[in-house]
Number of protein chains: 2
Amino acid sequence: MSQSERKSERHATTNVAACTCANLRKAARVVTQRYEAALQPTGLKATQFTVLATLTKRGDLPLTHLADALVLDRTTLTRNLKPLAGQGLITIENERDQRVRRIKLTAKGSKAFKAALPHWEKVQSKIVAGLGHKRWSGFLDDLAATIAEARST
Amino acid sequence: MSQSERKSERHATTNVAACTCANLRKAARVVTQRYEAALQPTGLKATQFTVLATLTKRGDLPLTHLADALVLDRTTLTRNLKPLAGQGLITIENERDQRVRRIKLTAKGSKAFKAALPHWEKVQSKIVAGLGHKRWSGFLDDLAATIAEARST
DNA sequence: CTCATGTACGTGCATATGCACGTTCTTTGA
DNA sequence: TCAAAGAACGTGCATATGCACGTACATGAG
């Protein structure tokens, strides 16, 4: 078997080992473990850090909008928020439209996020350096494109 | 702000929106939903399909080895296997070394995997086409590199 | 042979994930 | 104004994920 044949088989669409879903999940699992370890001293889980980061960047948001920003099911977010609300890092408030739950970052939440930021930067830098900045940058673009395409389909 | 500055900020290591972990998880979530939908008529979940595919490719394996191949925590796999064993798609057998649980694909499991394969190919093709084959191929390489790097660290 | 060491595993706990279904509230068309 | 349509949400169910901890078994040094 030639080199090109081997490569084309490895990357054939129909090679189950090349399953986009399985490989994405593998990467998500192992990378999450690195981030969890790095964030461990902050008391925040990786997903919680992401929620706080999104609220910091986007400001208060209704639950559904926050879920959309996080590419997360609405009902999953409902439950993910409970530990954060329990710790007083966010509040869940009603609006004039009583159907809407507005998710609000508290001062404590903002402080916790800022305190966690250096730990996040450390592990993020390590991952980026591991791939090399240029390659990582393209990788991130591919992730965004994949998300956009899978969402629109 | 110039174009290059905007780009460098977007891909700055310290831009929380560029969090490798969060973006990997987002992509894994939305892509998983596509595969779940495609596999729905087969009665297999995406993770279950992956287990069957791995057993098909690698043959029977002890639990820990299978977990390693799947980049999955051993204890998670223990539980993920239960529905598969319940449906008779795999068996969990003892060895001479009584500590070892050998995971074995049954004939029924093999059949279920083969029946699911066309459904998998359909959604896989769609995802690949969405990115373009060349870009997808590089994306897959990046995923593999990320997994390898995060595992070794 | 025996005990210390190491290996393979399961379970309790906590969080993560999404679908189906039902509830409450708002908006809109007649 | 009022009923139908639609929007925002919560909960039950099932699976997914990994850590801490404990158990059973195998192996090797003495």
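To find a chain, count down the sequence lines: A is the first, B the second, and so on, and within it residues start at 1. Computed from a predicted model, the values in this text were never measured in an experiment.
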B/R102 with B/E93: basic N within carboxylate O range, under 4.0 Å
no
The reported gap from OG1 in A/T153 to NZ in B/K126 (rounded to nearest 0.5 angstrom) is 7.5 Å
Note: for A/T64 and B/P83 on DNA chain D, the residue whose nearest nucleotide lies more 5' is A/T64
Contact span of DNA chain D against chain B, any nucleotide atom under 4.0 Å from a heavy atom, 5' to 3', runs D/dA16 to D/dA26
B/I92 CD1 to C/dC9 P, in whole Å, measures 10 Å
In whole angstroms, the gap separating C1' of C/dC9 from CG of B/L81 amounts to 12 Å
Minimal heavy-atom distance between B/A116 and B/L39, with the atoms involved, is O-CD2, 4.1 Å
**OP:** Step by step, work out the side chain to side chain donor-acceptor pair (under 3.5 Å) result for A/R25 and B/T47.
**Re:** CA-CA 9 Å; A/R25 292 179 70 89; B/T47 55; 5.8 Å; no
Distance col, row A/L55:CG vs A/L61:CG, nearest 0.5 angstrom, shows 6.5 Å
For a quick check of understanding: with a heavy-atom distance under 4.0 Å over all strands, which category does A/R102 fall into, base, sugar-phosphate or nothing?
nothing
Per the under-4.0 Å heavy-atom filter, residues of residues 20-31 of chain B near DNA chain C come out as B/R25, B/R29
Between A/R96 and A/T75, whichever has its closest DNA chain C nucleotide further toward 5' is A/T75
Closest non-hydrogen atoms of B/D60 and B/L105, given as atom of the first, atom of the second and distance, are OD1-N, 3.8 Å
Grab the N/O contacts between the protein and nucleotides 4-7 of chain C below 3.5 Å, and write none if there aren't any.
from, atom 1, to, atom 2, distance (Å)
C/dG6, N2, B/R99, NH1, 2.9
C/dT7, O4', B/R99, NH1, 3.4
C/dT7, O2, B/R99, NH1, 3.0

Heavy-atom nearest pair, A/I147 first then B/N23, reads CD1-O, 3.8 Å
Ranking B/D97 and A/L72 by the position along DNA chain C of their nearest nucleotide, the one closer to 5' is B/D97
Distance col, row A/K108:NZ vs A/I90:CD1, nearest 0.5 angstrom, shows 12.0 Å
Note to self: Regarding B/D68 and B/R151, does a basic nitrogen lie under 4.0 Å from an acidic carboxylate oxygen?
What the structure shows: yes
Open item on the list: Categorize B/E36 for me: base, sugar-phosphate, or nothing, with a 4.0 angstrom heavy-atom threshold over every strand shown.
Closed with: nothing
In whole angstroms, the gap separating C1' of C/dC9 from CG of B/L61 amounts to 16 Å
Smallest heavy-atom separation, B/L140 atom then A/A18 atom, equals CD2-CB, 3.4 Å
task: Could you tell me how the ring of B/F49 sits relative to the ring of B/W120: parallel (under 30°), tilted (30 to 60°) or perpendicular (over 60°)?
output: parallel
